[in-house]
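Position 1 is the first residue of the sequence, and the numbers go up from there. Just so it is clear, the model here is predicted, and its values are computed rather than measured.
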Amino acid sequence: MSSEELFEKTLKELDRLIHEGSTLGDPVEINGCTIIPVFAYGFGFGAGFGGNDKTGQGGGAGAGGGMSPIALVVIDKNTEGIEGVRVVPVKKPGPVTEAITAIGEEIIPKVVEMMNKKEEEEGKEEVKKEETKKGK
């Protein structure tokens, strides 16, 4: 395997491991609640190649990393509105956990509000369309 092939293969494997879905786990349904795990992850990568006419070509690549759970997003289907959404830290709060919690507390209510407004607007549009059809 050439050094270029080794490098490409390593990058493809890293691409498979690191993607946007890596920070959120699969949702789990329990007792009327949807629980979504949130993870922090870090990876490192290194590669080196070299050689000479006497000893030939050589190369190597390596990567290492890890993931750890930092919080759970809990959505209670039995509770209306934003009160039904919580971000629960799963370990002693550190800077990352505090940031995720703060973001969740700020963004989730806004997302829910925007979704509710969009549903209301779509409902009003449907009513207008029906009234227009009936008027013709």
Assess whether side-chain contact (heavy atoms from CB on, under 4.5 Å) is satisfied between Ile36 and Ile75, documenting all intermediate values.
CA-CA 8 Å; Ile36 305 168; Ile75 304 167; 4.2 Å; yes

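- Around CD of Glu122, the count of heavy atoms belonging to other residues, nucleotides or ligands within 6.0 Å exceeds 12.
- With rounding to the nearest 0.5 angstrom, the CZ atom of Arg86 is 8.5 Å from the OG1 atom of Thr79.
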Practice task
Could you go through the side-chain contact (heavy atoms from CB on, under 4.5 Å) check for Val73 and Val38 one step at a time?
Solution key: CA-CA 7 Å; Val73 176; Val38 180; 3.9 Å; yes

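- Counting all heavy atoms, side chain and backbone alike, Ile70 lies closest to Ala40 at CG2-CB, 3.8 Å.
- More than 12 heavy atoms of other residues, nucleotides or ligands sit less than 6.0 Å from atom CG of Asn52.
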Does the pair Lys117 and Glu121 meet the rule for a salt bridge (charged side-chain N to carboxylate O under 4.0 Å, His left out), with working shown? CA-CA 6 Å; Lys117 283 183 181 178; Glu121 289 172 7; over 6 Å; no

* Please test Asn116 against Glu119 for side-chain contact (heavy atoms from CB on, under 4.5 Å), starting from the C-alpha separation and ending with a verdict. => CA-CA 5 Å; Asn116 288 340; Glu119 287 176 5; 4.2 Å; yes

- Message: As a quick check of understanding, evaluate side-chain contact (heavy atoms from CB on, under 4.5 Å) for Ile30 and Ile35, giving each step before the final call.
- Response: CA-CA 7 Å; Ile30 299 175; Ile35 301 171; 4.0 Å; yes

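- Nearest approach of Val90 to Ala71, heavy atoms of both residues: CG2-N, 3.6 Å.
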